[in-house]
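Structure record follows, encoded as C-alpha cells.
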Amino acid sequence: MEQNKPQTEQELTQQAAVRRQKLADLCEAGHNPFEITKYAQDAYSADLKNEFADLPAEAETGKIVSLAGRMMSKRIMGKASFAHLRDQKGDIQIFVKRDLLGDEAYAAFKKLDIGDIIGVKGEVFRTKMGEISVRISELTLLSKSLLPLPEKFHGLTDREARYRQRYVDLIMNPEVKDTFVKRSLILKEIRAYLDEKGFLEVDTPILTPFEIGASARPFYTHHNTLNMDMVLRIETELYLKRLIVGGMDRVYEVGRIFRNEGMDPKHNPEFTTIELYQAFTDFHGMMDLVEEMYKRLALKVCGSLEITYQGKQIDMGHWERLTMVEAVKKYSGVDFNDWKTDEDAIAAAKEHHVELPEVPTKGAILAEFFDAFVEDKLIQPTFIYDYPVEISPLAKRKPTDPAFTERFEYFIDCTEYGNAFSELNDPIDQKARFERQVAERKAIEPDCKAQVDYDYVSALEYGLPPTGGLGFGVDRLVMLLTDSASIRDVLLFPTMKPID
C-alpha cells in the first residue's frame, strides 16, 4: 500500500515538487483537473455498505453507482489495483482493473497520489475477502492534492497542528468530524425544543456603541463612516430584554460572544452562547426548562441519561437544588447567617484563608467562600440559587431578603454551565445598580471606558413584565455531550497565536 511519510522538510518539498510536476503534465496534455466544475455523485459509501450488508462474498449486485471523494490509499498490483475512497459518509474500497478501465486511464490512475479527489463510476460487488467494493469502469481526477498528507495527524505532539490545520485533522481523523456532527445536532435539538415552547429566534447587534460596566473585558474596533469606536458584544442580554419590553414574550438568540480575556481549556476569546427570555415566569421556571432540555439532549445525543465525561459518570436524570448559603454551609461549615456585618465576613474569610474580593462585602465574600469550598464538589448536576445582590446586577431582589437575588447557576463536573435570573424590571433599582457598577469599575481602573446603558434603563421605564432569563455556553455543553476535554476540541477553528 502506498504511504506518505515525509520525514524531513526536504523530503516533503520533494514530494510537493513531484506533485506539481504531475499537475503541469496533466495541464499540458489538456487534462487540467481544476477546470472541472462538477461531478454527478449519486451514492455514498455508508449507504452502499448498509444496502448490501447481507451480500455474500464474490457476489455481484448489478448496481452501477457514481461516487466522489478523496483517495486515502492505493495498492498497485500489476493489471489490477485497489484503493480506498473517502466521501461524506465514510470509506469504501474501489477495484481498478486495466482491462475494464482501459490502458490510458489505468496508466493515469497509477500516477494519482494519496489525497487526490476523484470521481468514479462502477458496479457494487463483494470481494473474495468479503469487502463491499466498487469495480470501476470510469475514473475522473477532480482535484489534485499538491501537498502530501501526513501518515498520522494525531497524538499530543501534533495537537497544536491539528487545531491550526483543522482541514487536515478532519481528513486524517474521521472521528473528529463526529464531534462537529454532534455539535450541529445539539444546536438543532435546542432550537427544536425552544421553538416547541413558543420561543422566537432573533438576532441582535454584535457591534455595540460602548462598553458597559460588566467585569468582562471587551474587544474594541472602529467604524470609519461614523468615526466612532465600537465594542464587540460581551452578552446578548440587554437587547433581548428590550424585545420583551416590546411585546415579544419569548425570545432566544444563538449568539457569538467576544471577551478579551484569558484562554484555557474552558475559555476561548470568541464563543457561542444561547440566551433566552420568557415573560411572566421566574427563575424557577428557568430551572425547570434547563432540567427538561438537558435531559432531552442527553437522550438524543448520548442515548442515555447516564453519560460519561472524562471518566466520571454523570446522572443527567437527577438535579440537586441548593441555595448558595446552604451550599457554603454544607461544604465549609460556615453559616452566612452568623455574619452580622461586613467585618464579620472579612474575619471569617481570613480565618478560612479565603481570598477577599475587591469590594469586601458580606455577599461578595459569600461568593468567594462558594468558589473556595463548593464549586469543586459539584460533580453531579446541581442548581445553586439565591445569589448575593453584589454579584448580580441584573437579577431581581428576593422580596423576603433584599440582600439576595432570584438568580441561579448550574454546575456539572465542577464547572458552571449556565446562569439565570428572575430579571430585574425595576428601572430605578436597575439605574442605581448600573451606576454603582460603573463607579466601582472606574475606581479600580481609572482609564476604563465603561458607561451606563441609559437607553436600556429607558426601555425598562416603559415596562418590562416579570421575566425569567437564562444564558448558557454552547461550547461547554458540546464538550460535556461529546466527552471532549478542551473547548478547542469542539471549535472547528479555535483562536490561535500565529506561528510567525
Side-chain angles (χ1 to χ4, degrees), residues 199-248 250-263 267-279 391-395 407 418-421 423-427 429-464 467 469-476 491 493 495:
F199 284 84
L200 185 70
E201 184 173 6
V202 297
D203 294 301
T204 63
I206 288 174
L207 287 174
T208 60
F210 54 82
E211 179 181 349
I212 60 173
S215 58
R217 297 294 182 269
F219 287 94
Y220 270 84
T221 186
H222 187 79
H223 192 294
N224 292 335
T225 303
L226 295 175
N227 190 25
M228 63 181 282
D229 287 342
M230 299 194 80
V231 178
L232 272 64
R233 67 184 178 193
I234 60 165
E235 43 76 28
T236 54
E237 179 171 353
L238 300 183
Y239 282 108
L240 289 172
K241 287 196 286 198
R242 283 170 167 93
L243 299 180
I244 301 285
V245 170
M248 299 172 76
R250 297 187 184 205
V251 294
Y252 74 94
E253 180 169 10
V254 181
R256 205 71 165 169
I257 301 297
F258 308 87
R259 294 185 179 177
N260 195 355
E261 297 176 338
M263 296 168 63
H267 294 89
N268 193 66
E270 55 176 308
F271 55 99
T272 304
T273 66
I274 292 178
E275 288 199 42
L276 59 96
Y277 294 88
Q278 179 180 339
I391 59 167
S392 311
L394 293 157
R407 173 188 176 189
N419 189 18
F421 308 148
E423 299 298 330
L424 178 60
N425 61 346
D426 177 345
D429 189 1
Q430 181 66 85
K431 181 184 176 190
R433 290 201 221 176
F434 273 168
E435 288 175 342
R436 184 169 62 251
Q437 188 183 47
V438 169
E440 287 174 355
R441 270 285 304 279
K442 291 194 170 180
I444 295 162
E445 298 174 61
D447 297 332
C448 119
K449 300 176 184 176
Q451 298 179 40
V452 172
D453 189 343
Y454 286 111
D455 179 74
Y456 176 71
V457 175
S458 294
L460 292 189
E461 288 175 340
Y462 282 98
L464 174 72
T467 297
L470 166 70
F472 60 94
V474 171
D475 308 305
R476 286 188 186 179
L491 297 174
F493 301 103
T495 303

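Note that these values count all heavy atoms, side chains included, but never hydrogens, waters or copies made by symmetry. Being a predicted model, the structure only gives us computed values, none of them experimental.
Donor-acceptor pairing under 3.5 Å is lacking for the side chains of E237 and Y239. Donor-acceptor pairing under 3.5 Å is recorded for the side chains of N227 and H222.
The closest side-chain heavy-atom distance from N268 to L491 is below 4.5 Å. The shortest side-chain heavy-atom distance between R233 and T204 falls under the 4.5 Å cut-off. Contact check for I274 versus V474: side-chain heavy atoms found under the 4.5 Å cut-off. Between F271 and R256, every side-chain heavy-atom pair lies at or beyond the 4.5 Å cut-off. Looking at E440 and Q437, their side chains never come closer than 4.5 Å, going by heavy atoms from C-beta outward. Taking 4.5 Å as the limit, some side-chain heavy atom of N419 sits within range of a side-chain heavy atom of F421. Between L394 and K241 there is a side-chain heavy-atom pair separated by less than 4.5 Å. Contact of the L232 side chain with the E270 side chain is not registered, since no non-hydrogen atoms from C-beta on lie closer than 4.5 Å.
Atom CD of E435 is separated from atom CD of Q430 by 10.5 Å, given to the nearest 0.5 angstrom. Atom CD of E275 is separated from atom CG of L238 by 8.5 Å, given to the nearest 0.5 angstrom. In this structure, the separation between OG1 on T273 and CZ on R476 is 12.0 Å, given to the nearest 0.5 Å. Here CG of D453 is found 4.0 Å from CZ of F210. Values are rounded to the nearest 0.5 Å. Separating the CG atom in L276 from the CD atom in E201 is a distance of 11.5 Å, to the nearest 0.5 Å. To the nearest 0.5 Å, the span separating CG on L200 from OH on Y252 amounts to 8.0 Å.
Residue E211 forms a salt bridge (charged side-chain N to carboxylate O under 4.0 Å, His left out) with just one option from R217, K442, R441, and that option is R441.
The shortest non-hydrogen separation linking I234 to A214 is CD1-CB, 3.8 Å. Of all the heavy atoms in V245 and G463, the pair that sits closest is CG1-O, 3.8 Å. The heavy-atom pair separating I244 from Q278 by the smallest distance is CD1-N, 4.4 Å. Nearest approach of R242 to A459, heavy atoms of both residues: CG-CB, 4.1 Å. Annotation for T272 and D475: closest pair N-OD2, 3.0 Å, computed over non-hydrogen atoms. Between P427 and E461, the closest heavy-atom pair is CB-CG, 3.6 Å.
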message: Apply side chain to side chain contact (heavy atoms under 4.5 Å, CB included) to residues F258 and I206 and explain how you reach the verdict.
response: CA-CA 9 Å; F258 308 87; I206 288 174; 3.6 Å; yes
- request: Could you walk me through whether Q451 and V438 pass the side chain to side chain contact (heavy atoms under 4.5 Å, CB included) test, one step at a time?
  value: CA-CA 6 Å; Q451 298 179 40; V438 169; 5.8 Å; no
- request: Verify side chain to side chain contact (heavy atoms under 4.5 Å, CB included) between Y277 and E423, making sure each step is shown before the conclusion.
  value: CA-CA 9 Å; Y277 294 88; E423 299 298 330; 3.3 Å; yes
task: Please test L207 against T221 for side chain to side chain contact (heavy atoms under 4.5 Å, CB included), starting from the C-alpha separation and ending with a verdict.
output: CA-CA 9 Å; L207 287 174; T221 186; 3.7 Å; yes
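By the 30° and 60° cut-offs, the orientation of the rings of F434 relative to Y456 is tilted.
Between the side chain of D203 and the backbone N or O of E253, no donor-acceptor pair lies under 3.5 Å.
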